[in-house]
Amino acid sequence: MGFSRFRNFWSDVYDFTPSPDNWSFLPKASFANLLQIPRACHACWRHVSQAGAVSQDVTGTELLMPISDDVKKHLASDLAEAVPQTHGQRPLMEKDKGCLFMLFQDTASKTALEFAHTAANQGVLLLRTNEGKIDQQAADQLQASCGWDPELIASLQAKAHISLEFRGAGCDVVEALANASEGVVRTSTLPQVAQHFRFAGLAY
């Protein structure tokens, strides 16, 4: 299938030396301050150069420097189009109890991105994204416990689909918009449905 902006598993950390409090997630607010940009990021390079975010050491080698607020603004716009920002496995708050799972055709990448942005505007968390085929175990469980149509399940095994998992009180608003959108294959408010798609397409 190649690379997909939706195959995002950043928060699924495998700890080789597990112990209590061995690691933790950084606060969301710290992301922008920690962000540094490499010379190879050609799409954003003009913004970095204009803002003077790169300097040179005595050998003439370009160094990474803290990025200005102006550059961060450009990056936020560019990266939103590139890879949707997900909440991952960070703890959820009481207000984030609402649940919505959305399944899109693999050709509906733009539509999926638009829903990710719409949800953010509604204060809804984009928990996870993925793009892949489901395995036989997931197919059996979707049919047995969720009552999904066998024909749909067969297509999910044969072809990769895009999945978005949301949490928050505004999920019902996002779901209502999905009913009139092309490229949306299925929606569900059952948390167990999303579990079958979180790691779809991954080989262990």
Are Val124 and Leu100 close enough, and set up right, to give a side chain to side chain contact (heavy atoms under 4.5 Å, CB included), and what steps lead you there?
CA-CA 10 Å; Val124 178; Leu100 175 63; over 6 Å; no
Just verifying a value: how many Å separate Leu103 CG and Glu165 CD, rounded to the nearest 0.5 Å?
12.0 Å
Quick check: do Ile153 and Ile134 have side-chain heavy atoms less than 4.5 Å from each other?
yes
Kindly give the heavy-atom pair with the smallest separation between Arg5 and Pro84, and that separation in Å.
O-CD, 3.8 Å
Nearest heavy-atom neighbours spanning Ile162 and Ser109:
CD1-CA, 3.8 Å
What about Leu113 and Val174, same hydrophobic cluster or not, with Ile/Leu/Val/Met/Phe/Trp/Tyr joined at side-chain heavy-atom distances under 4.5 Å?
yes
How far apart are the closest heavy atoms of Met102 and Thr187, and which atoms are they?
CG-CG2, 4.2 Å
CD/Glu182: more than 12 non-hydrogen atoms of other groups inside 6.0 Å
no
For the residue pair Gln105 and His161, what are the closest heavy atoms and their distance?
CA-CD2, 4.1 Å
Non-hydrogen side-chain atoms of Gln89 and Phe25 separated by less than 4.5 Å
yes
So if you build clusters from Ile, Leu, Val, Met, Phe, Trp, Tyr with side-chain heavy-atom gaps below 4.5 Å, do Val193 and Leu164 land together?
no
Please round to the nearest 0.5 Å and tell me the distance separating atom CG of Leu142 and atom CG of Asp149.
11.5 Å
Closest heavy-atom pair, His196 versus Gln141, reported as atoms and distance to 0.1 Å, is CE1-OE1, 2.8 Å
Transitive ILVMFWY side-chain link Leu152 to Leu190, under 4.5 Å
yes
Side-chain contact, heavy-atom cut-off 4.5 Å: Lys133 with Gln157?
no
With rounding to the nearest 0.5 angstrom, report the NE2 to CG distance, His117 to Asn121.
9.0 Å
Of the options Leu125, Leu126, Leu127, which is the one that meets Phe166 in a side chain to side chain contact (heavy atoms under 4.5 Å, CB included)?
Leu126
Check for a donor-acceptor pair, side chain of Thr86 on one end and backbone N or O of Arg128 on the other, with a separation under 3.5 Å.
no
Could you pull out the closest heavy-atom pair between His87 and Arg90, with the gap in Å?
O-NH1, 3.0 Å
Got a donor-acceptor contact below 3.5 angstrom from the Asn130 side chain to the Ser163 backbone?
no
Kindly state whether the ring of Phe104 and the ring of Phe115 have centres lying under 6.0 angstrom apart.
yes
Value rounded to 0.5 Å, distance of CZ in Phe101 from CZ in Arg186
10.0 Å
Would you find a donor on one side and an acceptor on the other, under 3.5 Å apart, between the side chain of Asn22 and the backbone of Thr17?
yes
Once rounded to the nearest 0.5 Å, what's the spacing between atom CD of Glu131 and atom CG of Asn8?
12.5 Å
